[in-house]
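Worksheet: one structure, shown below.
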Amino acid sequence: MKKIQPNSKKMDAQNLLRRIRYRHLQVLLAVSRHGSLTAAAGSLDITQPAVSQWLSDIESAVGGRLFVRGQPLKPTALAAPLLAHAVRMLNDAQRVVEEINAINAGATGMVRMGAMQVAAASLVPNVLLKFQEEFPTISLSLIEDVAAGLWARFERNEIDLLVTRLDARAIASGLPQKRLFVDQHRVVCGLKHPLLSRKKIQWKDISAYPWLMPTLGTPLRNAVEMTFAREGIAFPRILLSSVSPTSNPIFLNSTNALAIMSSAAASNLEKNGVLRTLPLTLTQEIGDVGLVWRETSPGPSLSALINAFESECE
């Protein structure tokens, strides 16, 4: 293969768009994910020489190597912005297909939403039920996940609207956002935890029990650590790092472990006889609950859903 020399000329957007096709982006992502031309070819159901040629075309267009040859292939610095934009562009194309299919099926628009458990417990179902009554022809999809997962999907343009904590990451993003409500985190336990028999519970009483902790390095984990530090008590033994809304209640009811959970989610689970809440809240919180979206001037479908959330929280 002919060696590609670095290109000192400035990249011209129109020229690049004329040379790069949808298939180029698919090949670029496949090579990055699989780390080899052969594996990428298999995933795309084309030959290895074809993948090599497509990759050579992209490298010629951008004027430099995109992967360091070896086992596995490793993206170069030049590949990083291309890979990030390739993901978004392919997701944009998929969104167009989904929206066209929705309109052909009778919808007038489509909104893809992601929500944290703090909002999915009650707010989101209430809003969506009312919204669908008022706007039955707008197609809605909902993904529930932790903040890290939602933001990753949002950055890949798989989600149009986030219902999340307005933490430091949300504020630093500079994206349009709207505060909805304040929600503190509560300490939760299983239905038969020994602490439930006490008339008064303090933070010093809970350090002797194991905990289901948020993942290390997350804003919520940092807030928990700060709370223990401010209360002047030893950090507890960690039974498991998990904030799973499905598994955590099982662990809590099978052990004497404790966990931290949003008040909204905890109240919903307590109402349904799944968990119990203790009268302890974090002294360090990570932000109010609100909406984050991408467009400064959102379309009519997204605007209608944003307004529906605002009206519900007034």
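Along the sequence shown, the residues carry numbers beginning at 1. Values below: every heavy atom of this structure, side chains too, minus hydrogens, waters and symmetry copies.
Taken together through direct or relayed side-chain contacts under 4.5 Å among Ile, Leu, Val, Met, Phe, Trp and Tyr, Ile260 and Phe235 form part of one hydrophobic cluster. Transitive grouping of hydrophobic side chains (ILVMFWY, heavy atoms separated by less than 4.5 Å) keeps Val146 and Leu220 in distinct clusters. Hydrophobic clustering of Ile, Leu, Val, Met, Phe, Trp and Tyr side chains at less than 4.5 Å, counting indirect connections, keeps Leu258 apart from Val243. Using a 4.5 Å cut-off between side-chain heavy atoms of Ile, Leu, Val, Met, Phe, Trp and Tyr, with links allowed through other members, Leu82 and Leu90 fall into the same hydrophobic cluster. The hydrophobic clustering, which links ILVMFWY residues whose side-chain heavy atoms are closer than 4.5 Å, places Ile206 and Leu275 apart.
The CZ atom of Phe67 lies 10.5 Å from the CG atom of Leu78; values are rounded to the nearest 0.5 Å. Taking CD of Glu231 as the start and CD of Gln284 as the end, the distance is 12.0 Å to the nearest 0.5 Å. Taken from CD in Gln48 to OG1 in Thr38, the straight-line distance is 5.0 Å, to the nearest 0.5 Å. Going from atom CD1 of Ile286 over to atom OG1 of Thr218 covers 7.5 Å, rounded to the nearest 0.5 Å. Put simply, CG on Leu150 and CD on Glu158 are 11.0 Å apart, with the number rounded to the nearest 0.5 Å. How far CG of Asp160 is from CD of Glu295: 6.5 Å, rounded to the nearest 0.5 Å.
Side-chain N or O atoms of Ser36 include one that pairs as donor or acceptor with a backbone N or O of Ala39 at under 3.5 Å. Not one N or O on the side chain of Arg33 forms a donor-acceptor pair closer than 3.5 Å with the backbone of Val31. Between the side chain of Ser43 and the backbone N or O of Ala40 there is at least one donor-acceptor pair closer than 3.5 Å. Side-chain N or O atoms of Glu285 include one that pairs as donor or acceptor with a backbone N or O of His185 at under 3.5 Å. The backbone N or O of Met116 lies less than 3.5 Å from no partner atom in the side chain of Thr164, so there is not a single donor-acceptor pair. With hydrogens and angles disregarded, a donor-acceptor distance shorter than 3.5 Å links the side chain of Thr76 to the backbone of Arg65. With hydrogens and angles disregarded, a donor-acceptor distance shorter than 3.5 Å links the side chain of Asn248 to the backbone of Ser242. Under a 3.5 Å cut-off, the side chain of Asp167 and the backbone N or O of Gly287 do not form any donor-acceptor pair. Proximity of a side-chain donor or acceptor of Ser311 to a complementary backbone N or O of Ala308 within less than 3.5 Å is not detected. Looking only at distances, a side-chain donor or acceptor of Glu59 sits under 3.5 Å from a matching main-chain atom of Leu66.
When each of Arg165, Gln177, Arg169 is tested with Val292 by the rule side chain to side chain contact (heavy atoms under 4.5 Å, CB included), just one qualifies, namely Gln177. Put simply, the residue from Val127, Leu128, Asn126 that forms a side chain to side chain contact (heavy atoms under 4.5 Å, CB included) with Val124 is Leu128.
The closest side-chain heavy-atom distance from Lys271 to Asn268 is below 4.5 Å. Leu216 is not listed as a side-chain neighbour of Ser241, based on a closest heavy-atom distance of 4.5 Å or more. Proximity of Trp293 to Lys178: side-chain heavy atoms (C-beta onward) are separated by under 4.5 Å at one or more points. With a 4.5 Å cut-off on side-chain heavy atoms, Lys130 and Glu312 count as touching. Here the side chains of Leu44 and Arg23 are in contact, with some heavy-atom distance below 4.5 Å. Side chains of Cys189 and Leu278 form a contact here, defined as non-hydrogen atoms less than 4.5 Å apart. Contact annotation: the side chain of Met113 never approaches that of Leu140 to less than 4.5 Å [non-hydrogen atoms, C-beta and beyond]. Ile306 places a side-chain heavy atom less than 4.5 Å from the side chain of Pro298.
In terms of heavy-atom proximity, Leu142 sits nearest to Ala115 at CD1-CB, 4.0 Å. Scanning all heavy atoms of the two residues, the minimum distance from Pro279 to Arg186 falls at CA-NH2, 3.9 Å. Here the closest non-hydrogen pair linking Ser244 and Pro249 is O-CD, 3.9 Å. Thr227 approaches Leu282 most closely through the heavy-atom pair OG1-CD2, 3.5 Å. Across all their heavy atoms, Leu166 and Leu291 have their closest contact at CD2-O, 4.1 Å. Here the shortest heavy-atom pairing between Ser207 and Ala234 reads CB-O, 3.5 Å.
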- Query: Going through the distances and angles, do Phe309 and Leu123 end up as a side-chain contact (heavy atoms from CB on, under 4.5 Å)?
  - Reply: CA-CA 8 Å; Phe309 273 102; Leu123 175 64; 4.1 Å; yes
- Task: For the pair Leu29 and Leu83, evaluate side-chain contact (heavy atoms from CB on, under 4.5 Å) and give the outcome as yes or no after the intermediate values.
- Result: CA-CA 6 Å; Leu29 289 176; Leu83 288 168; 3.9 Å; yes
- For the pair Leu161 and Arg112, evaluate side-chain contact (heavy atoms from CB on, under 4.5 Å) and give the outcome as yes or no after the intermediate values. CA-CA 7 Å; Leu161 181 67; Arg112 304 165 302 172; over 6 Å; no
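Ring geometry, Phe131 versus Phe135: the interplanar angle falls from 30° to 60°, so the pair is classed tilted. Ring pair Trp54/His24 is perpendicular by interplanar angle, where above 60° counts as perpendicular and below 30° as parallel.
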